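We number each residue from 1, following the sequence as shown. Computation of the quantities below employed the complete heavy-atom set of this structure, encompassing side-chain atoms and omitting hydrogens, waters and symmetry-equivalent molecules. Keep in mind it's a predicted model, so treat the numbers as computed, not measured.
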Amino acid sequence: AASTPSTGGRTGTPGSTPGSRQDQSLVRLTEKFLTLVRGAEEGVLDLNWAAQQLAVKKRRIYDITNVLEGIGLVEKKSKNNIQWKGGGGGR
């Protein structure tokens, strides 16, 4: 039987239960997004390009960037570009 990864104390997406498929998909999408950001030149990422690469609606990208901006890991450079500020120098 496959085990479900721990939610690490996260409360989950509103309207979902912790560890639900919706939460897990958001976690996986965020991990993929961070890989794109860390691989971007000078840590600057075009959000339209990211949405295309991840095959998701831009709204989902905004959900991720709003949280990352709120905790100080990214900052908006322009309407459709963000820059990595977190550890690791953007890579």
Side-chain angles (χ1 to χ4, degrees):
S3 64
T4 303
S6 168
T7 59
R10 291 187 301 269
T11 58
T13 305
S16 71
T17 57
S20 71
R21 192 169 76 193
Q22 182 179 3
D23 275 351
Q24 292 304 313
S25 67
L26 184 57
V27 169
R28 291 191 198 327
L29 182 59
T30 302
E31 289 168 347
K32 291 176 183 178
F33 179 81
L34 289 173
T35 299
L36 291 179
V37 173
R38 290 179 177 148
E41 188 173 331
E42 297 185 27
V44 177
L45 184 66
D46 179 285
L47 300 180
N48 291 319
W49 180 82
Q52 287 179 330
Q53 293 301 303
L54 299 173
V56 296
K57 292 182 180 180
K58 205 166 164 189
R59 176 74 244 156
R60 295 292 278 170
I61 299 295
Y62 286 145
D63 290 342
I64 294 167
T65 59
N66 285 340
V67 171
L68 295 176
E69 188 175 15
I71 60 175
L73 293 179
V74 300
E75 68 179 355
K76 286 186 178 167
K77 297 304 283 181
S78 64
K79 180 180 178 186
N80 291 308
N81 290 287
I82 55 96
Q83 182 166 25
W84 180 251
K85 291 176 27 176
R91 298 213 179 249

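Rounded to the nearest 0.5 angstrom, F33 CZ and Q53 CD are separated by 12.5 Å. Summarising the geometry, atom OG1 belonging to T65 is positioned 12.5 Å from atom CD belonging to E75; distances are rounded to the nearest 0.5 Å.
Put simply, the side chain of R60 reaches to within 4.5 Å of the side chain of L29, judged on heavy atoms. Residues I64 and L34 fail the side-chain proximity criterion, which asks for heavy atoms closer than 4.5 Å. Side-chain contact between V74 and E69: present, with at least one pair of heavy atoms (C-beta onward) separated by less than 4.5 Å. Side-chain contact between S78 and Q83: absent, with no pair of heavy atoms (C-beta onward) separated by less than 4.5 Å.
Of the candidates N66, L36, I82, L54, L54 is the only one forming a side-chain contact (heavy atoms from CB on, under 4.5 Å) with I61.
Under the side chain to side chain donor-acceptor pair (under 3.5 Å) criterion, D63 pairs with R59, sequence neighbours left out.
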All N/O donor-acceptor pairs, side-chain side in residues 43-51, below 3.5 Å, sequence neighbours left out:
{"residue": "D46", "atom": "OD1", "partner": "N48", "partner atom": "N", "Å": "2.9"}
{"residue": "D46", "atom": "OD1", "partner": "W49", "partner atom": "N", "Å": "2.7"}
{"residue": "N48", "atom": "OD1", "partner": "K58", "partner atom": "NZ", "Å": "2.8"}

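Considering every non-hydrogen atom in both K79 and Y62, the closest pair reads O-OH, 4.5 Å.
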